[in-house]
Amino acid sequence: MIEFLSLKDVNAVYADELKSACARVIDSGWYIQGKELEAFEKEFARVCNVKFCLGVANGLDALNLILRAWKLLGKLKDGDEVIVPANTYIASVLAITENGLTPVLVEPDASMNISPAQIMSAISTKTKVIFPVHLYGQLADMPAIMNIAKDYGLLVLEDSAQAHGASIQGKKAGGWGDASGFSFYPGKNLGALGDAGAVTTNDEELASVVKALRNYGSHEKYKNIYQGVNSRLDEIQAAMLSVKLKYLEEDIQRRREIADLYMRRIDNEFIRLPLDKDVSALGLESHVWHLFVVRSDTRDALQKHLAGAGIQTLIHYPIPPHKQEAYKEWNELSFPVTEEIHSQVLSLPIGPTMSVADAEAVISACNSFNGIG
Ligand SMILES: *Cc1c(COP(=O)(O)O)cnc(C)c1O
């Protein structure tokens, strides 16, 4: 059986280092807001080439606290519009609605990321933020999006939860927009051994507000300047992340090798591959292959066919936010490109510990699919 992603295998590679880092924290007697967090924040900021990184409890909180901080700073107010891809994971949309802001859902293009042309047509007098999501590990078209933001005076919030280390023209995910949220959920390309997340920004004022918000709205113990939350990245997770961050580039290279094999060797008229980065203007470095997502008109049959060959696949995602029960008021809206994507996508196994032999087994199973199963 070829697992979609074995977290056990992923972390086994670093087991000795992880265990000794864990022991170091246990022995230190200091478990929250200490040296491990500071060290990780400094290193992750360096990797993303930004001035500030603030660890928080998870990716949703990272996105949430950025929007909340912008409201506290007077940059946003209730009802302001935030442009977000209609086919994103629901966390991006939750961060918007939780803050009393209005999501404006926009269709993706063939890259499955938000379409700059569609962003242009969605801009209104109430638009304040563009919220691109680097879905599947592929950076959105940030040069185009930053130009639009500049022309219209809009803030840009990147959802980088799936794209640690991706870059365009040398500029990393998390370093393009005014701020960015990262998730270190265990299955992400940089994953903790539990929940964790981070905010990155070059804006000192924003960094300072987020820093207070994550810790009860307080910079100084027992002095609360905001009605904050408890959203801290603990010392053990920070120590785990510092170990794994050292190997992020290597892990991405392994993912790229698997993706390259898939791109060159999967050849089946019933399976549509992701856009070819060799010819894409965004370049090879723009994709870190968090997921390798193919499309098929007969996706369910393809999934069954692969399962029959012992290959585990997943669907990212089966239901778009506007069709969720949580957002009943949008259920009648129509986003045909997004809805088609959700009916067609299938994520093949990919990961830093996947063997070439396993990738070849996936390729041959894909190539033997006859379109009906
Ligand atoms: C994982 C993910 C999040 C949320 O991260 P959590 O750490 O699970 O809160 C947000 N956005 C996207 C696109 C994600 O994939």
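Order of listing sets the numbers, starting from 1, for every ligand and every atom in it.
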Problem set entry | Pairs involving residues 145-171, ordered by first then second residue, that meet ring-ring contact (aromatic ring centres under 6.0 Å, His included) (sequence neighbours left out) | H164-F182, H164-F184
Problem set entry | Polar side chain donor-acceptor pair, N99 to N64, under 3.5 angstrom | yes
For this session: Not counting sequence neighbours, list each pair that qualifies as a ring-ring contact (aromatic ring centres under 6.0 Å, His included) and has a residue in residues 318-359.
Result: H322-F335, Y327-W330
Exercise. With no hydrogens and no angle check, is any side-chain donor or acceptor of E235 less than 3.5 Å from a backbone partner on K35?
Worked result: yes
For this session: Sequence neighbours left out, what passes side-chain contact (heavy atoms from CB on, under 4.5 Å) with S124? Give chain and number order.
Result: E81, K126, T127
What are the polar N/O contacts of ligand 1 with the protein below 3.5 Å, with distances?
residue: ligand 1; atom: 5 (O); partner: S183; partner atom: OG; Å: 3.2
residue: ligand 1; atom: 7 (O); partner: G59; partner atom: N; Å: 2.8
residue: ligand 1; atom: 7 (O); partner: S183; partner atom: OG; Å: 2.7
residue: ligand 1; atom: 9 (O); partner: G59; partner atom: N; Å: 3.2
residue: ligand 1; atom: 9 (O); partner: L60; partner atom: N; Å: 2.9
residue: ligand 1; atom: 11 (N); partner: D159; partner atom: OD1; Å: 3.3
residue: ligand 1; atom: 11 (N); partner: D159; partner atom: OD2; Å: 2.8
residue: ligand 1; atom: 15 (O); partner: Q162; partner atom: NE2; Å: 2.8
residue: ligand 1; atom: 15 (O); partner: K188; partner atom: NZ; Å: 3.1

Exercise. What is the ring orientation for F369 with H305, classed by angle as parallel under 30°, tilted 30 to 60°, or perpendicular over 60°?
Worked result: tilted
